[in-house]
A.B. asks: 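Questions regarding the structure given below will be posed in turn.
Note that ligands are numbered from 1 as they come in the structure, with each ligand's atoms numbered from 1 the same way. Throughout, residue positions are numbered sequentially from 1 according to the sequence presented. Note that the structure is a prediction, hence the values are computed from the model and not measured.
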Amino acid sequence: MKIINIISGATIIGTLFAGIFFFNQAQCDESNEILTIHNPISIYFSYPENIGKDDMPLDALSGASLREETANKMTNQQQISAALRDSTGADEFSIKTTEPYNSDYDLMRDRAYAEIDDEAFPSLVQDKLDLSTYDVIFLGTPVWSGHIPRPIATFLKHNNTQGKTIVVMNIHLGSRFGSTINDIKKLCPNAKVIAGISVRASDDNQSVKQKTLEWLTAHSFSHNTQ
Ligand SMILES: Cc1cc2nc3c(=O)[nH]c(=O)nc-3n(C[C@H](O)[C@H](O)[C@H](O)COP(=O)(O)O)c2cc1C
């Protein structure tokens with residue numbers, strides 16, 4: 001996949017995001033709660049899995065964790081999910097839209113922002129999943145305009161999360177959790193929603209894996225080791 005490197009633009013926009021959402025960051029930090037995890041699932045949305053054609057270029061902001069200088073082999077959302085799978089035996093589910101997003105940031109941003117402004121529910125390839133056997137849902141979300149991407153909203157609207165613990169695994173370029181925790185709480189009023197890890201899109205896969213494993217060691221016990 002060809003990656004166009006527009007580092008300076010991404011850096012400037014990242015700084016802007018950090019400033020705009022500083023207030024939210026101060027309000028929402030990674031939780032100190034200790035969880036018992038028996039049957040976890042990792043559910044995530046990663047934009048590079050939602051573009052139309054694999055050979056189209058991703059720009060530096062939208063495909064931030066795949067920028068050339070990171071040498072990353074997968075997006076950081078995929079890395080978190082893989083680490084959860086390998087260390088806890090978590091099943092994995094990637095949220096995919098019926099209509100792919102454009103790989104050009106300017107074009108995809110227009111759609112992404114309009115969906116957020118309209119509180120839209122874009123249609124998904126698979127919107128229902130049997131969650132009955134899972135006690136903990138690791139929910140991987142990037143921050144888009146301070147919020148969850150609306151495909152995640154569609155997924156949460158169609159699935160029963162009553163009584164589940166949802167651990168939010170967040171990827172950002174400065175906003176940290178932004179309003180993602182509140183967005184998820186609104187859509188899942190009968191679930192317990194806590195802040196898991198928050199990593200930068202530009203971090204390298206290895207450090208993200210390490211942070212995920214450290215989180216599991218510090219915050220969980222009784223998870224199935226495989
Ligand atoms: C439409 C759009 C809006 C974004 N808005 C924000 C934002 O408000 N705050 C922020 O920190 N990062 C923002 N980003 C950067 C994303 O968080 C980053 O690209 C994403 O976490 C990378 O996820 P990935 O590792 O799955 O590729 C935005 C990215 C896109 C594409």
Side-chain angles (χ1 to χ4, degrees), residues 1 3-7 9-26 28 42-51 54 56-84 92-97 100-118 120 122 138-153 168-183 196-209 211-212:
M1 194 182 294
I3 313 290
I4 294 179
N5 186 354
I6 323 176
I7 175 67
T11 306
I12 292 165
I13 293 170
T15 307
L16 194 64
F17 286 147
I20 291 172
F21 294 101
F22 176 76
F23 182 66
N24 284 322
Q25 174 182 339
C28 183
S42 167
I43 298 173
Y44 66 92
F45 174 85
S46 188
Y47 159 73
E49 291 190 38
N50 281 275
I51 57 171
D54 282 345
M56 287 175 81
L58 283 171
D59 69 31
L61 181 62
S62 53
S65 55
L66 290 178
R67 284 207 308 258
E68 276 169 352
E69 76 274 11
T70 66
N72 282 344
K73 297 277 185 287
M74 56 180 116
T75 72
N76 280 330
Q77 208 69 77
Q78 292 165 334
Q79 175 62 86
I80 289 172
S81 190
L84 292 168
E92 292 183 283
F93 181 80
S94 171
I95 297 171
K96 297 213 172 105
T97 51
Y101 288 87
N102 200 295
S103 61
D104 177 280
Y105 176 67
D106 289 332
L107 296 175
M108 71 80 68
R109 179 194 53 200
D110 289 348
R111 172 177 160 194
Y113 279 33
E115 287 175 350
I116 290 164
D117 288 348
D118 298 346
F138 290 99
L139 184 57
T141 180
V143 186
W144 279 7
S145 190
H147 293 275
I148 55 168
R150 292 306 293 181
I152 294 182
V168 181
M169 308 300 262
N170 161 262
I171 315 264
H172 67 97
L173 269 180
S175 299
R176 289 178 54 82
F177 288 100
S179 300
T180 58
I181 302 279
N182 284 339
D183 292 341
I197 62 169
S198 179
V199 302
R200 291 189 74 90
S202 50
D203 286 349
D204 64 279
N205 284 166
Q206 195 51 39
S207 69
V208 170
K209 179 179 178 182
K211 187 159 184 185
T212 308

A.B. asks: When you measure from atom 26 (O) of ligand 1 to each heavy atom in Ala112, Ser145, Ser179, Ser46, which option holds the nearest one?
C.D. replies: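 Among Ala112, Ser145, Ser179, Ser46, the closest heavy atom to atom 26 (O) of ligand 1 comes from Ser46.
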
A.B. asks: Pair Met169, Thr212 - check side-chain contact (heavy atoms from CB on, under 4.5 Å), show working.
C.D. replies: CA-CA 9 Å; Met169 308 300 262; Thr212 308; 4.3 Å; yes

A.B. asks: Has the side chain of Asn102 got a donor or acceptor atom that lies under 3.5 Å from a matching backbone atom of Asp104?
C.D. replies: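 Pair found, side chain donor or acceptor close to backbone of Asp104.
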
A.B. asks: Quick one: look at Ala201 and ligand 1, take heavy-atom pairs under 4.0 Å, and tell me if it's side chain, backbone, both or neither.
C.D. replies: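 For Ala201, only side-chain atoms sit under 4.0 Å from ligand 1.
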
A.B. asks: In chain order, what residues pass the side-chain hydrogen bond (donor to acceptor under 3.5 Å, both in side chains) check against Glu92, with sequence neighbours excluded?
C.D. replies: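 Glu92 satisfies side-chain hydrogen bond (donor to acceptor under 3.5 Å, both in side chains) with Ser81, Arg85 only.
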
A.B. asks: One residue to check: Gln78. Relative to ligand 1, which of side chain, backbone, both or neither has a non-hydrogen atom less than 4.0 Å away?
C.D. replies: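 For Gln78, no heavy atom sits under 4.0 Å from ligand 1.
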
A.B. asks: For atom 14 (N) of ligand 1, which of Val143, Leu173, Asn170, Thr141 has the closest heavy atom?
C.D. replies: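 When every heavy atom of Val143, Leu173, Asn170, Thr141 is considered, Val143 comes closest to atom 14 (N) of ligand 1.
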
A.B. asks: Using only atom types and a distance under 3.5 Å, with no angle test, would you say the side chain of Asp183 pairs donor to acceptor with the backbone of His147?
C.D. replies: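 Such a contact is absent between Asp183 side chain and His147 backbone.
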
A.B. asks: Should Tyr105 be listed as contacting ligand 1, given a heavy-atom distance under 4.0 Å as the test?
C.D. replies: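 It does, in that a heavy atom of Tyr105 comes within the 4.0 Å cut-off of ligand 1.
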
A.B. asks: Say whether Tyr113 and ligand 1 are in contact under the criterion: heavy-atom distance to a ligand atom below 4.0 Å.
C.D. replies: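 The answer is yes: ligand 1 sits under 4.0 Å from a heavy atom of Tyr113.
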
A.B. asks: Hey, looking at atom 29 (C) of ligand 1, which of Tyr47, Trp144, Phe177 has the closest heavy atom?
C.D. replies: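 Ranked by closest heavy atom to atom 29 (C) of ligand 1, first place is Trp144.
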
A.B. asks: Closer than 4.0 Å to some heavy atom of Pro48 - which atoms of ligand 1 meet that?
C.D. replies: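 Answer, ordered by atom number: 27 (O).
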
A.B. asks: Passes side-chain contact (heavy atoms from CB on, under 4.5 Å), Ser175 versus Trp144? Steps please.
C.D. replies: CA-CA 9 Å; Ser175 299; Trp144 279 7; over 6 Å; no

A.B. asks: Test of understanding: with side-chain contact (heavy atoms from CB on, under 4.5 Å), list the residues that count as partners of Glu49, not counting sequence neighbours.
C.D. replies: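 Applying side-chain contact (heavy atoms from CB on, under 4.5 Å) to Glu49 gives Tyr44, Ser46, Gln78, Ser94, Lys96.
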
A.B. asks: Tell me whether ligand 1 is touched by Met108 - counting only heavy atoms on the residue side and a distance under 4.0 Å.
C.D. replies: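 Met108 counts as a contact of ligand 1 under the 4.0 Å cut-off.
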
A.B. asks: Using heavy-atom distances, let me know which of Val208, Ile171, Thr180 sits nearest atom 23 (O) of ligand 1.
C.D. replies: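 The residue whose heavy atom sits nearest atom 23 (O) of ligand 1 is Ile171.
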
A.B. asks: Could you tell me, atom by atom, which parts of ligand 1 come under 4.0 Å of a heavy atom of Pro142?
C.D. replies: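 Checking each atom against Pro142, I get 20 (C), 21 (O).
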
A.B. asks: Would Lys211 and Asn76 count as a side-chain contact (heavy atoms from CB on, under 4.5 Å) here? Give the steps.
C.D. replies: CA-CA 11 Å; Lys211 187 159 184 185; Asn76 280 330; over 6 Å; no

A.B. asks: Give the atom numbers and elements of ligand 1 that come within less than 4.0 Å of a heavy atom of Asn76.
C.D. replies: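 Near Asn76, meaning under 4.0 Å from one of its heavy atoms, ligand 1 has 25 (O).
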
A.B. asks: In ligand 1, which numbered atoms sit nearer than 4.0 Å to a non-hydrogen atom of Gly174?
C.D. replies: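 Those qualifying, in numeric order: 11 (O).
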
A.B. asks: How close do Pro142 and Phe45 get, counting heavy atoms only, and between which atoms?
C.D. replies: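 Shortest heavy-atom separation between Pro142 and Phe45 comes out as CD-O, 3.3 Å.
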
A.B. asks: Please confirm whether the backbone N or O of Arg176 pairs with a side-chain atom of Asn170, one donor and one acceptor, at under 3.5 Å?
C.D. replies: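 Indeed, once roles are kept as given, a pair shorter than 3.5 Å links the two residues.
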
A.B. asks: I want to check something: taking the side chain as every heavy atom from C-beta on, are Ile171 and Val208 in contact at a cut-off of under 4.5 Å?
C.D. replies: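 When only atoms from C-beta onward are counted, Val208 and Ile171 do not touch, as no gap falls below 4.5 Å.
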
A.B. asks: Could you list which atoms of ligand 1 come closer than 4.0 Å to a heavy atom of Gln77?
C.D. replies: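 Answer, ordered by atom number: 25 (O), 26 (O).
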
A.B. asks: Going by heavy atoms, is Gly146 under 4.0 Å from ligand 1?
C.D. replies: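 In this structure, Gly146 qualifies as a contact of ligand 1 - some heavy atom is under 4.0 Å.
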
